[in-house]
Amino acid sequence: MTIQELAAHVGQEVTLKGWLYNKRGSKHLLFLLLRDGTGLAQCVAAADSVDAGTWRVADEATQESALTVTGKVVLDERQAGGVELVVSSLALVGASAEYPITPKEHGIDFLMSHRHLWLRSRLPWAILRIRNRLIASIHAFFQERGFLQMDAPILTGNAVEGTSSLFELDYFDEKAYLTQSGQLYGEAMAMAFGRIYTFGPTFRAEKSKTRRHLTEFWMIEPEMAFFDLEDTLGLAEDLLTRVVRDALAHCAEELAILGRDTAPLERVRKPFPRISYTEAVDLLRSDATARMLEDRMQALEEENAALAEELAANRKRYGQAKKGERRRLDAREIAIRRRADEIAEALQNLPAWKDSARSFEWGSDFGGSDETVLTWHFDRPAMVHRYPAAAKAFYMKRDPDDARLAMALDVLAPEGYGEIIGGGERATDLAFLEEQIAAHDLPKEAFEWYLDLRRFGSVPHAGFGLGLERLLTWIGGIDHVRETIPFPRLMGRLSP
RNA sequence: UCCUCGGUAGCUCAAUGGUAGAGCAUGCGGCUGUUAACCGCAGGGUUGUAGGUUCGAGUCCUACCCGGGGAGCCA
């Protein structure tokens, strides 16, 4: 019996196996909050209705002790799942001494160093269950459409586009690299099977310390023969609407635990705005963008003032407050300070972001802040297409109507989250690709197998890469991508 | 590599250059419906490291180490 099944067994005697998440109680009555991976359930033990051994185990159990609990399921509307367990007997499976993650706030450094234990807490539980749902949903989407899942190699023999960002390793005295993308292999597989998708790990050695970067992350890369840019935009749109719908339908509890406002997710419906890179640049440089950023700054200033006022009022009350009230005021003060820090940082960043947007030059790629600013203009994912070819990879197809442009696409998640998908239509012409390889100063020998795809029945084809962790960060409304993978790999952090 | 903020009890944080404290956790005691329960008592400190200024340094100065956020970088 698992906790998530309890509600269907009201009135029955059941046995749960799990860990003690928290405990409250009095001399003759204990409330044990049990965790079994599927959820939390309150188990009530009364001194006069259990045997002495059970009472002693319950009384002495510490946080994260492993327990088996037998009791009767009863309705209790005060509980999260609507039910609780009235304990008849209870046994200790594994003791737990001085569990480090206490029911109180912790700093990110401490939590990251205890990630192996932090996974047991409620927020990671909610986030990683949504991750599971997204993975299942993505597979279902592609499988239902006849795509075959295929794996690209993780070890590769050459650095595909520039060498600086890859992890290098020794492969029997040869240089090898951890893959940064399965895309070129995806193209070969698409020529063999029609429509395929890869789903696997990807590695980037960039020294980026930001909330959107990991050095190891999971990417989904569909690649489709006989697809053009328009077909691919439609596919990305269908995929995102599907996974958001599934998350809303199956992860209501998890999203509630995260405090995610689901209204922006409910708005994720077709059609998504489609704007060209050139239109996006115009939008960035517009008065509308400048005004929007000024409004945001002003709103933050006002919020800041309100918080400062509340802080002062709370401090005045603190003197006469009783202990319980003081604790609440302390907690509120910490929350206010944290928010004030965020506001201060935003107020420090926004003027620079405004300048960056205003003075953006046609031809360069969008920076993180430019993407964020663009997303604030739309209430659903925005699809930006036709980028300057110089800013994109060598294998991108050129726009037949404007040779400066590549048939690339990016999808920017709303609410400031930014790029979750990058891809486009691939070049089909052998001579053009040979030129590009030379122009990018790439070793032609390494690409001979790739060029074969153009020598033997070259067809229009396209694909994209979807970053799983960035997708989840957006859907969960999470601050930092590191919380969306069980054991994040970041610059300067390789353990646990 | 650069900018910026930080490092004080196991954890989260306080502390005008002048006796290092609180909450949580732990231990003991109280309480028969708690929801981060509550109430009382107790133990718990090389204030990141190394120097310097000062009668006196958690606080000021210098260097270094570690971490957060951001920039650059990043299909």
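Chain letters run A, B, ... following the sequence lines, proteins first, then strands; residues in each count from 1. The structure presented is a predicted model; accordingly, all values stated were derived computationally and were not measured.
- At a threshold of 4.0 Å, the pair A:Arg212-A:Glu419 does not count as salt-bridged, since none of the basic side-chain nitrogens sits closer than that to a carboxylate oxygen.
- Salt bridge absent: A:Arg296 and A:Glu301 never bring a charged side-chain N and a carboxylate O closer than 4.0 Å.
- The salt bridge (charged side-chain N to carboxylate O under 4.0 Å, His left out) test applied to A:Glu361 returns no partner, not counting sequence neighbours.
- Crowding of A:Arg358 atom CZ: a count of heavy atoms from other residues, nucleotides or ligands under 6.0 Å exceeding 12.
- In this structure, CE of A:Met219 is placed 16 Å from P of B:C74, rounded to the nearest angstrom.
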Item checked: Paired and unpaired positions of RNA chain B as dot-bracket, Watson-Crick or G-U wobble under 3.5 Å, | denoting a partner strand -> (((((((..((((....[..)))).(((((.......))))).....(((((..]....))))))))))))....
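- When the nucleotides B:G70, B:G33, B:U32 are ranked by their closest atom to the side chain of A:Thr210, B:G70 comes out on top.
- One finds a salt bridge joining A:Arg35 and A:Glu64 here, because a Lys/Arg side-chain nitrogen approaches an Asp/Glu carboxylate oxygen to under 4.0 Å.
- For the P atoms, the distance from B:A22 to B:U35 is 24 Å, rounded to whole Å.
- When distances run from any side-chain atom of A:Ser369 to the nucleotides B:A71, B:U32, B:U34, the shortest one goes to B:A71.
- In this structure, of B:U34, B:C11, B:U32, it is B:U32 that holds the atom nearest to the side chain of A:Leu29.
- Taking atom CD on A:Gln183 and atom C1' on B:C74, their separation rounds to 16 Å, with Å as the unit.
- Proximity of the aromatic rings of A:Trp449 and A:Tyr185 is defined here by a centroid distance below 6.0 angstrom, and this criterion is met.
- Ranking B:G70, B:G68, B:C11 by closeness to the A:Arg211 side chain, first place goes to B:G70.
- Using a 4.0 Å cut-off on heavy atoms, the residues of residues 459-467 of chain A that approach RNA chain B are A:Gly465, listed by number.
- Phosphate contact (OP1/OP2 of B:G33, side-chain N/O of A:Arg78, threshold under 4.0 Å): absent.
- Nearest to the side-chain atoms of A:Thr62 among the listed nucleotides B:G27, B:U34, B:U12 stands B:G27.
- Applying the salt bridge (charged side-chain N to carboxylate O under 4.0 Å, His left out) rule to A:Arg489 yields no partners; only residues at least two apart in sequence or on another chain are considered.
- Aromatic ring centres of A:Phe110 and A:Trp118: separated by at least 6.0 Å.
- One finds a side-chain N or O of A:Arg24 lying less than 4.0 angstrom from the OP1 or OP2 phosphate oxygen of B:A37.
- Between A:Asn22 and B:U34 there is no side-chain N or O to OP1 or OP2 distance below 4.0 Å.
- B:G52 and B:C39 have their P atoms separated by 47 Å, given to the nearest Å.
- If you take atom P in B:G10 and the same atom in B:U1, they sit 32 Å apart, rounded to whole Å.
- Taking the six-membered ring where the residue is Trp, the centroids of A:Phe360 and A:Phe366 are separated by under 6.0 Å.
- Remark: P of B:C3 and CH2 of A:Trp353 are 21 Å apart, rounded to the nearest angstrom.
- Contact check, A:Lys209 against B:G70: no side-chain N or O comes under 4.0 Å of OP1 or OP2.
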Next item on the list: Could you walk me through whether A:Phe199 and A:Phe142 pass ring pair (Phe, Tyr, Trp, His ring centres under 6.0 Å), step by step?
Entry: CA-CA 11 Å; A:Phe199 198 136; A:Phe142 286 118; 8.9 Å; no
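- We find that CD of A:Gln63 is positioned 7 Å from P of B:U26, with the value rounded to whole Å.
- Across B:C28 and B:G17, the matching P atoms stand 42 Å from one another, rounded to whole Å.
- A salt bridge does not link A:Arg122 to A:Glu253: none of the charged nitrogens lies less than 4.0 Å from a carboxylate oxygen.
- Between B:G21 and B:U47, the two C1' atoms lie 13 Å apart (nearest whole Å).
- Note on A:Glu230 versus A:Arg274: salt bridge recorded, some NZ/NE/NH1/NH2 to OD/OE distance being below 4.0 Å.
- Both A:Ala391 and A:Phe31 lie close to RNA chain B; mapped to their nearest nucleotides by heavy-atom distance, the more 5′-ward contact belongs to A:Phe31.
- Salt-bridge formation is detected for the pair A:Arg493/A:Asp109: a Lys NZ or Arg NE/NH1/NH2 atom is positioned less than 4.0 Å from an Asp or Glu carboxylate oxygen.
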Identify the pairs formed between an N or O of the protein and an N or O of nucleotides 45-47 of chain B at a distance under 3.5 Å, and give each distance.
none

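- Picking from B:U32, B:U35, B:C74 the nucleotide with the shortest atom distance to the side chain of A:Arg204 gives B:C74.
- You'll find that the side chain of A:Asp109 is closest to B:G67, out of B:U35, B:A71, B:G67.
- The same atom, P, is picked in B:U62 and in B:U53; the two are 15 Å apart, to the nearest Å.
- Out of B:C11, B:U32, B:U34, the shortest distance to the side chain of A:Ser26 is found at B:U32.
- Mapping A:Lys23 and A:Asp48 onto RNA chain B by nearest heavy atom places A:Asp48 closer to the 5' end of the strand.
- Each of B:C24, B:U12, B:G68 was ranked by its minimum atom distance to the side chain of A:Thr102; first place goes to B:C24.
- Nucleotides B:A42 and B:G48 place their C1' atoms 30 Å apart, quoted to the nearest Å.
- For A:Gln4, the side-chain contact (heavy atoms from CB on, under 4.5 Å) partners are A:Thr2, A:Thr38, A:Arg129, not counting sequence neighbours.
- B:G23 and B:C41: their P atoms are spaced 9 Å apart (whole Å).
- Of the candidates B:U32, B:G68, B:G70, the closest approach to any side-chain atom of A:Arg493 belongs to B:G68.
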